[in-house]
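The chain is numbered in sequence order, starting from 1. Just follow the structure's listing: the first ligand is 1, and inside any ligand the first atom is 1.
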Amino acid sequence: MAELTDLTAEEAIAAIGAGEVSSVELTEAHLARAESDTWHSFLEVDRERALAAARRIDAAPERPPLAGVPVGIKDALSTKDLTTTSGSKILEGFRPVYTATCVARLEAAGAVVLGKTNMDEFAMGSSCENSAYGPTRNPWDLDRVPGGSSGGSASSVSARQVPWSLGSDTGGSIRQPAALCGIVGMKPTYGAVSRYGLIAFASSLDQVGPFARTVRDSALLLQHMVGHDPMDSTSIDLPEPIALPSRERLDGLRVGVIEELMGEGVDAGVRATVETALAAMESLGATLHPVHIPHAKYALATYYLIAPAECSANLARFDGIRYGHRTADAHDLLETYERTRSEGFGPEVKRRIMLGTFALASGYYDAYYGQAQRVRTLMVRDFDDIFSEVDVVASPTSPSVAFPLGERTADPYTMYLSDICTIPMSLAGLPAMSIPCGLSDGLPVGLQLAGPALSENRLFEAAHATELALGFDTRPGGTA
Ligand code: GLN
């Protein structure tokens, strides 16, 4: 048998089912890699907790569906008994009193949580460099970023520290790091996965989703997370269960190629690689159609009003009284708030809180937040029009391949442009995923596929057939 850490989750479940390996052995093999600090994917690895879970599963009379396969969890997800910081100093050492619904569901289905993965502070960023605990490195090139904000979750899967992991995506934070690390990342329809226990960034956009090395693994992980949760009133039941994709052809599938995301601002190497992938879809029987998002040019501005506005409200709870860090140096309540927040938050989080507070101020509310919400509706309509003509849309996931550490930290606007291709789907609440589709300059390029709300199964089928045709090797070239 191959190295245990090379197995996909599906292969690992089969190996456990056939009695070739135990959950404890599988967990031990992944722990050994997860404890390596080469990539700094993890903020915390809890060996004892993971092995105890694996032993329980091995001893149980019946095997749960996920059979004791290890998983990595983004540190934005609350986990009882495991430190949860959301990448922020303000939550250093914080232990939640409950576990996020999606994580609890995975544990109930037999997933073994290895630990918590690194991320940009409160999920604000595109490179993992905004973590208060130092950046994560891209397994394809240790001097480059893994993408963000779920950079640790992406690198942990790419570096084979876990076969799969959870991230959260507000404007691209699953899809963009998946693209930069050469793996599969999926953001479900808004509401498909409960947000209960996800530390909120922008509540009308945040969604939890899977990272994996195959499309089928990502469907399998999602299968065990979705569905209504009484603790999140925005969560919904899907019209049908998530199925594992199996089709190898795409006959009759109408693929809309988003013209606005194939031109200016997208690196030539990325565009050429995506075009090759689109040709592969065509050779499987799909038809390609140029489509337009007329309001795409406002997507970034709209997102950077809505997301900071919602974050300024959500982050008001970090006041030094209820959770985490409290300043040692205050004489009254107001000073406690001010000093705690100025010591605890990093520069990007402060920038967003200030932007959001400004956009929500009573005199400006309608001109900024109200206007952004109206443009958001126009973008939803753009997609409604598109999906009256095609079944899925395609574009690059990221306009560039992984960039060098430090390259964009001094220039927030350039950093914000990293999500130019992923934000439109977030604003419209659509399911969208990134699959690796080739290399440019030796670094992975992601193909983004998106569909109408609740079209998860269609999307997985399209992505699976394309993945088979492309045959991308997810092993990081030379460094793993
Ligand atoms: N990079 C975007 C931002 O900084 C998206 C982040 C995310 O999806 N959480 O807001």
Side-chain angles (χ1 to χ4, degrees), residues 74-77 86-88 117-132 135-136 145-154 165-181 185-188 190 193 195 198-211 299-312 314-315 345-356 359 372 376 397-400 402-403 407-409 411-434 446 448 450:
K74 185 178 185 178
D75 207 32
L77 286 159
S86 212
S88 182
T117 58
N118 197 13
M119 57 182 283
D120 286 299
E121 184 176 4
F122 289 110
M124 298 172 199
S126 304
S127 67
C128 223
E129 293 164 297
N130 293 338
S131 168
T136 293
V145 304
S149 66
S150 315
S153 291
S165 65
L166 290 190
S168 67
D169 190 311
T170 303
S173 280
I174 294 175
R175 290 161 285 161
Q176 185 259 12
L180 271 46
C181 290
M186 204 271 172
K187 179 198 93 75
Y190 183 78
V193 177
R195 288 180 295 110
L198 171 67
I199 295 175
F201 162 14
S203 309
S204 76
L205 296 156
D206 297 342
Q207 268 300 283
V208 179
F211 285 99
L300 213 59
T302 305
Y303 175 86
Y304 278 98
L305 285 168
I306 293 174
E310 295 183 11
C311 107
S312 74
N314 276 325
L315 270 55
F345 289 137
E348 182 61 28
V349 173
K350 287 177 184 159
R351 181 180 299 123
R352 306 260 183 131
I353 291 173
M354 286 191 284
L355 270 172
R376 184 176 188 177
T397 307
S398 159
S400 72
F403 44 93
E407 188 187 80
R408 298 185 187 172
T409 39
D411 180 0
Y413 186 65
T414 313
M415 192 69 96
Y416 295 173
L417 284 171
S418 309
D419 293 299
I420 191 91
C421 303
T422 49
I423 281 176
M425 296 75 182
S426 296
L427 289 169
L430 305 177
M433 64 190 300
S434 181
Q448 179 176 230

| message | Under 3.5 Å between any N/O of G171 and any N/O of ligand 1: does that happen in this structure? | response | yes

| query | Considering only protein heavy atoms, which is closest to atom 1 (N) of ligand 1, and at what distance to one decimal place? | reply | D419 OD2, 2.5 Å

| task | Could you list which atoms of ligand 1 come closer than 4.0 Å to a heavy atom of A123? | result | 6 (C), 7 (C), 9 (N)

| With only distance considered, is D169 within less than 3.5 Å of ligand 1 through an N or O on each side? | no

| query | Just which atoms of ligand 1 are under 4.0 Å from any heavy atom in M124? | reply | 4 (O)

| said: With heavy-atom distances below 4.0 Å as the criterion, list the atoms of ligand 1 near F201. | reply: 9 (N), 10 (O)

| query | In terms of residue, atom name and distance, what is the protein heavy atom nearest to atom 7 (C) of ligand 1? | reply | S173 OG, 2.4 Å

| For K74 and S153, does a side-chain donor sit closer than 3.5 Å to a side-chain acceptor? | no

| query | Is R352 in polar range of ligand 1, meaning some N or O pair under 3.5 Å apart? | reply | yes

| Aromatic plane relationship, Y304 with Y416 - under 30° parallel, 30 to 60° tilted, over 60° perpendicular | parallel

| field | Side-chain donor-acceptor pair present, R408, S400, cut-off under 3.5 Å | value | yes

| message | Using a 4.0 Å cutoff against the non-hydrogen atoms of S149, which atoms of ligand 1 qualify? | response | 9 (N)

| query | So which protein heavy atom does atom 3 (C) of ligand 1 come closest to, and at what separation? | reply | Y304 OH, 3.3 Å

| message | Can a side-chain donor-acceptor contact be found between E310 and S204 if the only test is distance below 3.5 angstrom? | response | yes

| So is G172 polar-close to ligand 1, meaning N/O to N/O under 3.5 Å? | yes

| message | Tell me if a side-chain donor or acceptor on D169 pairs with a main-chain N or O of I174 at a distance below 3.5 Å. | response | yes

| request: Give a yes or no answer on whether the side chain of K187 reaches the backbone of L430 with a donor-acceptor pair at less than 3.5 Å. | output: yes

| If you measure only the distance, is there a donor-acceptor pair under 3.5 Å linking the side chains of Y190 and R195? | yes

| request: Give a yes-or-no answer on whether the side chains of N118 and T136 include a donor-acceptor pair shorter than 3.5 Å. | output: yes

| said: Which residue and atom name correspond to the protein heavy atom nearest atom 10 (O) of ligand 1, and how close is it? | reply: Y303 OH, 2.7 Å

